[in-house]
Amino acid sequence: MASVVEDFLNAKEEGEVVEAIRQAELKTSGEIRVHLERKCEIDAFERAKELFHFLKMDNTKAENGVLIYVAVDAKKFAICGDRGINKVVPENFWQSTKDLMQTEFKNRKFKDGLVKGINSAGEQLAKFFPWDADDVNELSDEISTS
């Protein structure tokens with residue numbers, strides 16, 4: 001059986017998503033992760049919050065992690081930001097980022113949707129949490145799955 005990532009992105013696209021995360025994180029102390037799974041029996045945002053904690057994204061120094069969660073078979077996704085970032089981004093920010101992604105997802109351009117979401121999150125993170133010389137990459141840039 002193919003992995004959830006292989007069903008959603010080919011190897012080249014997966015590499016492009018990981019590279020988008022790396023590029024976004026060059027400009028910010030924030031952390032961006034993408035998590036894919038097949039099914040989601042609950043509200044996607046609630047599941048994203050569970051995974052945010054499970055992936056230890058709530059342990060970053062500046063509370064500035066962002067998780068982009070996609071339940072592939074369920075056709076659901078959510079974006080979850082930590083306390084630090086949620087305090088400073090505009091109120092409709094995550095919804096506008098989701099809208100950017102949704103447009104691409106509806107056209108089955110999943111890699112493009114993820115990259116747009118990553119870039120949008122990265123721009124906000126860079127504005128409020130700029131990269132600095134002692135920045136440490138606190139979380140993996142690889143796509144996680146469950």
Side-chain angles (χ1 to χ4, degrees), residues 2-38 40 44-72 74-146:
S3 80
V4 67
V5 176
E6 290 167 343
D7 284 350
F8 195 65
L9 302 167
N10 64 39
K12 180 179 182 287
E13 291 170 331
E14 180 181 358
E16 290 175 34
V17 168
V18 171
E19 184 58 24
I21 293 169
R22 289 188 179 130
Q23 291 301 312
E25 288 183 358
L26 288 175
K27 301 175 194 119
T28 178
S29 64
E31 298 288 334
I32 302 170
R33 293 208 64 186
V34 172
H35 186 89
L36 304 178
E37 66 183 359
R38 289 191 181 283
C40 179
F45 184 70
E46 291 303 314
R47 179 65 179 146
K49 288 195 304 189
E50 289 176 2
L51 288 163
F52 196 90
H53 180 69
F54 178 77
L55 295 169
K56 300 190 179 347
M57 293 188 67
D58 48 4
N59 290 349
T60 60
K61 188 170 76 175
E63 299 180 324
N64 59 356
V66 175
L67 175 65
I68 297 174
Y69 164 72
V70 181
V72 175
K75 294 183 169 66
K76 297 180 186 180
F77 75 102
I79 303 171
C80 183
D82 206 351
R83 291 181 294 272
I85 186 75
N86 285 338
K87 285 179 190 170
V88 295
V89 294
E91 194 172 310
N92 68 341
F93 175 69
W94 296 124
Q95 186 58 51
S96 63
T97 301
K98 275 185 71 177
D99 292 345
L100 279 174
M101 294 173 64
Q102 182 79 37
T103 300
E104 298 300 330
F105 284 4
K106 282 182 179 172
N107 292 317
R108 304 198 51 77
K109 295 181 179 178
F110 303 117
K111 184 266 305 180
D112 293 345
L114 288 171
V115 168
K116 282 186 177 185
I118 291 162
N119 290 342
S120 179
E123 287 169 16
Q124 288 297 314
L125 284 167
K127 189 183 303 179
F128 296 107
F129 299 95
W131 183 87
D132 87 43
D134 66 348
D135 183 54
V136 173
N137 190 5
E138 297 175 83
L139 301 170
S140 171
D141 296 337
E142 298 301 315
I143 296 172
S144 59
T145 63
S146 56

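Remember, predicted model here, so these are calculated numbers, not experimental data.
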- Item | Spacing of CD1 belonging to Ile32 relative to CD belonging to Gln23, to within rounding of 0.5 Å | 11.5 Å

- Query: Which heavy-atom pair separates Gly117 from Ile68 by the least distance, and what is that distance?
  - Reply: C-CD1, 3.9 Å

- Query: At what distance, to the nearest 0.5 angstrom, does CD1 of Ile85 lie from CZ of Phe128?
  - Reply: 7.0 Å

- Task: Without swapping roles, check the side chain of Asn107 against the backbone of Lys109 for a donor-acceptor pair under 3.5 Å.
- Result: no

- Query: Salt bridge check: are Glu123 and Lys127 linked by an N-O gap of less than 4.0 Å?
  - Reply: no

- Item | Main-chain N/O of Thr97 paired to Ser120 side chain as donor or acceptor, under 3.5 Å | no

- Cys40 SG to Lys76 NZ distance, which is reported to the nearest 0.5 Å: 4.0 Å

- Query: If we only count heavy atoms from C-beta on, is the Phe110 to Phe105 side-chain gap below 4.5 Å?
  - Reply: yes

- Item | Lys116 (side chain) donor-acceptor with Glu104 (main chain) under 3.5 angstrom | no

- Would you indicate whether the side-chain heavy atoms of Val72 and Arg38 approach each other to under 4.5 Å? no

- Message: Testing the basics here: between Val70 and Leu114, what is the closest heavy-atom pair and its distance to 0.1 Å?
- Response: CG2-CD2, 4.1 Å

- Item | Under 3.5 Å: donor-acceptor pair, side chain of Asn64, backbone of Gly84 | no

- Sub-3.5 Å donor-acceptor pair from the side chain of Glu13 to the main-chain atoms of Asn10, do we have one? yes

- Looking only at heavy atoms, the pair that brings Met101 and Ile79 closest together is SD-CD1, 3.9 Å

- Would you say Thr28's side chain and Phe129's backbone share a donor-acceptor pair under 3.5 angstrom? yes

- State which residue, out of Asn119, Val66, Ile118, fulfils the side chain to side chain contact (heavy atoms under 4.5 Å, CB included) condition with Ile21. Ile118

